[in-house]
J.: 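Pasting in a structure now, in structure tokens, and then I'll have a few things to ask.
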Amino acid sequence: MRMFIGSDIHGSVTNLERFFHLIDGTLSEDADTKVVILGDIYNHGPRNPLPEGYAPMQVARLLNDAMSFITAIKGNCDSEVDEMISNFPIISDFSMEWNGRTVFFTHGHKVNPDNPPTGAKKGDIVFMGHFHRPSVKEVNGIKYVCVGALGICPEDSIQSYAVLEENKVIIKALLKEEVLSEFEI
């Protein structure tokens, strides 16, 4: 199985379309490919500028069309009203077993390197968004992978996402399709 992990769309239909375009061929070829969206799906938040292509209803349409292969997690900018335009559930954090380790998926505003997930142990991986900058940080043997953001990024950062493969994690730039970071698991 392969997972594409994006976060912090913040209503940018332009960048969601770019993300789906990059993974489209993989999805049609491989029934074991899934997409996880780590929250902050539609709203840009009161402190943030509007992202390129801000169109939350179009984001909802794209995600609703893709609901058979996506899992969406609730972020700090997601609300109950967002669930009303979504034909898929927006769930809390979740975890799964992956090659002998636990992989956690969270938005990052509650679970992060300063507040590890319950039950996490050395060798586990935590995927998160929220911080809008791609990074990999190891704390007490747990790898925290901030996938960055598909929508809004700080000026000194770029839009990015992560790929979880059988034995590897890769963080890629959205626009250049360049590898920003990778490590074996």
J.: Would a single hydrophobic cluster contain both Tyr42 and Leu50, if residues Ile, Leu, Val, Met, Phe, Trp and Tyr are joined by side-chain heavy-atom contacts under 4.5 Å?
T.: no
J.: Measure across Pro51 and Gly151 and return the closest heavy-atom pair with its distance rounded to 0.1 Å.
T.: CB-C, 4.3 Å
J.: Hey, which of Asp65, Val36, Leu62, Val35 is the one that makes side-chain contact (heavy atoms from CB on, under 4.5 Å) with Ile70?
T.: Val35
J.: Nearest 0.5 Å, what's the CZ-NZ distance between Phe183 and Lys168?
T.: 11.5 Å
J.: Between CG of Asn48 and CG of Asn43, what distance do you get to the nearest 0.5 Å?
T.: 10.5 Å
J.: Kindly say whether Met128 contributes a backbone atom to a donor-acceptor pair with the side chain of Thr106 at under 3.5 angstrom?
T.: no
J.: Quick one, Ile73 and Asp93 - any side-chain contact, counting heavy atoms below 4.5 Å?
T.: yes
J.: Going by side chain to side chain donor-acceptor pair (under 3.5 Å), His130 matches just one of Asp8, Asp40, Asn76. Which one?
T.: Asn76
J.: Hey, does the side chain of Trp98 reach the backbone of Asp124 with a donor-acceptor pair shorter than 3.5 angstrom?
T.: no
J.: Specify the closest pair of heavy atoms between Gly6 and Leu150, including all atoms of both residues, with the distance to one decimal.
T.: CA-CD1, 4.0 Å
J.: Are Phe20 and Leu63 side-chain neighbours, meaning at least one heavy-atom pair lies under 4.5 Å?
T.: yes
J.: What is the minimum heavy-atom distance between Ala55 and Val13, and which atoms define it?
T.: CB-CG1, 3.9 Å
J.: Without swapping roles, check the side chain of Asn112 against the backbone of Asp114 for a donor-acceptor pair under 3.5 Å.
T.: yes
J.: For residues Ile9 and Phe19, determine if any side-chain heavy atom of one lies less than 4.5 Å from a side-chain heavy atom of the other.
T.: no
J.: Find out whether Phe105 and Met3 are in side-chain contact, i.e. whether some heavy atom of one side chain is under 4.5 Å from a heavy atom of the other.
T.: yes
J.: To check you understand the geometry: which heavy-atom pair defines the closest contact between Phe104 and Gly119, and what is its length?
T.: CZ-C, 4.5 Å
J.: Any side-chain donor-acceptor pair under 3.5 Å between Asn64 and Arg61?
T.: no
J.: Start with the C-alpha distance between Gln159 and Glu52, add both sets of side-chain angles, then the distance that settles side-chain contact (heavy atoms from CB on, under 4.5 Å), and finish with yes or no.
T.: CA-CA 11 Å; Gln159 282 86 7; Glu52 177 185 5; 5.8 Å; no
J.: So which atom in Thr102 and which in Ser95 form the shortest heavy-atom distance, rounded to 0.1 Å?
T.: CG2-CB, 3.8 Å
J.: How far apart are the closest heavy atoms of Val59 and Ser12, and which atoms are they?
T.: CG2-C, 3.8 Å
J.: Would you say Asp156 and Arg133 make side-chain contact, with heavy atoms under 4.5 Å?
T.: yes
J.: Heavy atoms, side chains only, cut-off 4.5 Å: are Phe4 and Leu22 in contact?
T.: no
J.: Any side-chain heavy atom of Leu180 within less than 4.5 Å of one from Ser160?
T.: yes
J.: Can you confirm whether Phe69 sits close enough to Thr33 that some side-chain heavy atom of one is under 4.5 Å from a side-chain heavy atom of the other?
T.: no
J.: Do His132 side-chain atoms and Ile152 backbone N/O form a donor-acceptor pair below 3.5 Å?
T.: yes
